Amino acid sequence: MKISLPQPFNLKHTLECGQAFRWRLVEGWYFAAVRGQAIKCRQVGGAGNIGGELEFFTAPEPDNAELIRDYFRFDDDLPAILREIDKDDYIHGAIEKYKGLRLLRQEPWECLISYICSAASSVRKIGQDVDRLSAAFGWELCIGGYATHSFPAPEALAGGRTMEICKCGIGFRSGYIHEAAKAVASGRLDLESLQRKKYEDAKRELLEYKGIGEKIADCVLLFSLDKLESFPVDRWIRRAMQGNYAECRDASDRKIRAFAAKHFGRYAGYAQEYIYQYVRGTNQQKRHYIVRR
DNA sequence: TCCCAGGCGAAAG
DNA sequence: CTTTCGCATGGG
């Protein structure tokens, strides 16, 4: 099935920018499990991977276009958002380079556990961790000859022992995940209700749990709870902001977040993701250069 | 062998 | 308030 894409749209940038961890590229098609469905998709037509159509398959529910529209945030008016955050030369460069990158509307429970896994880890390893948790605790999904597993239900991770989670390579984060799973499975932590709360209130609730600090809470709020003003500060964003904005020179993470809110406004989260890609892309090239030398 | 990776919690200054 | 350290694991 094909659906026309909102403009601009770049599937590669959207799926490979490190916001979601389970997408795999096989022979020109992206595969993943999303909200209990296996998805196979690719961008066709359009110029320079901008525009065109999204060709996709879903299973076991066939042709679930509503899932696609919601997950890829077709409801976001990206041109208007980019106009609003395009405040200076630095962010302008990031927007030009990664135009068409869209935030995703991830499932909050999976997003929470994925980002608890992210502490002192790498994008690649987080993907490994989430895949292993899914293989161990989820159920099998297949599409177009590609086999994967759904992300586990809260009850599945809450039911066993911490050690079983640790066996997926989760390390010191295992206890945090087990505790979060028990909170969600029991209903004590209601992630859906956080979607309806204000950013500050939802964040305060997330911060009550061990293993969830400012940065991870902001990621969950931005990537799954529709808080587009959220501006997660990780080590890359810290470096980028301190190095490119005089107001952030020697600034703490709290001051960086305050500056971003003032400077970029209600869509600061979009600015964050463009800057993240921008700084990480250029820096990875630098490191490669150093290693080769 | 050493360093780094989408951090966090605890302890101490 | 800030700084420092340990924390498991995998890849370069």
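The shown structure was predicted, so the numbers you read here are calculated from the model rather than taken from an experiment. What you see below is based on every heavy atom in this structure, not just the backbone, and it leaves out hydrogens, waters and symmetry mates. In what follows, chains carry the letters A, B, and so on, assigned in the order in which the sequence lines appear, proteins first and then strands, with residues in each chain numbered from 1.
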At a heavy-atom distance below 4.0 Å, what parts of residues 248-268 of chain A sit against DNA chain B?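 Per residue number, the list is empty: none.
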Any donor-acceptor pair under 3.5 Å from A:E107 side chain to A:R35 backbone | no
Tell me: [atom1] of [X] to [atom2] of [N], nearest whole Å?
X	N	atom1	atom2	answer
A:R132	C:dT9	CZ	P	10 Å
A:R238	C:dT3	CZ	P	11 Å
A:F21	B:dG6	CZ	P	9 Å
A:L112	B:dG6	CG	P	19 Å
A:F231	B:dG6	CZ	C1'	13 Å
A:I126	B:dC4	CD1	P	18 Å
A:R124	B:dA5	CZ	C1'	12 Å
A:D129	B:dG6	CG	C1'	13 Å

Closest heavy-atom contact between [X] and [Y]?
X	Y	result
A:T58	A:D63	OG1-N, 3.2 Å
A:G51	A:L5	O-CD1, 3.6 Å
A:K203	A:A217	CG-CB, 4.2 Å

Could you give the distance separating [M] and [N] at their [atom1] atoms, to the nearest angstrom?
N	M	atom1	answer
C:dG6	B:dC2	P	15 Å
C:dA8	B:dA11	P	16 Å
C:dT3	B:dG6	P	23 Å

Which part of the nucleic acid does [X] contact within heavy-atom distance under 4.0 Å: base, sugar-phosphate only, or nothing?
X	answer
A:Q277	nothing
A:R173	base
A:Q19	base

Query raised in the report: Taking the six-membered ring for Trp, are the ring centroids of A:Y115 and A:F21 within less than 6.0 Å of each other?
Result: yes
Residues 247-267 of chain A vs ring pair (Phe, Tyr, Trp, His ring centres under 6.0 Å), sequence neighbours excluded, gives A:Y245-A:F259, A:Y245-A:H263, A:F259-A:H263
Has A:Y276 got its ring stacked on the base of B:dG6, with centres under 5.5 Å and planes less than 30° apart? yes
By side-chain contact (heavy atoms from CB on, under 4.5 Å), A:D226 pairs with (sequence neighbours left out) A:R73, A:R105, A:Q195
With sequence neighbours left out, the residues meeting side-chain contact (heavy atoms from CB on, under 4.5 Å) with A:S134 are A:R22, A:V130, A:H149, A:F151, A:P152
Just N and O in the side chain of A:Q272: are any of them under 4.0 Å from OP1 or OP2 of B:dG6? no
Below 4.0 angstrom, N of the basic side chain to O of the carboxylate: do A:D131 and A:R24 qualify?
yes
Among residues two or more places apart or on two chains, list those pairs meeting salt bridge (Lys or Arg N to Asp or Glu O under 4.0 Å) that have a residue in residues 132-154 of chain A.
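Matches after skipping sequence neighbours: A:D129-A:R132.
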Per-nt protein contacts along nucleotides 7-13 of chain B (heavy atom under 4.0 Å; B base, S backbone sugar-phosphate only, - none) come out as BSSS---
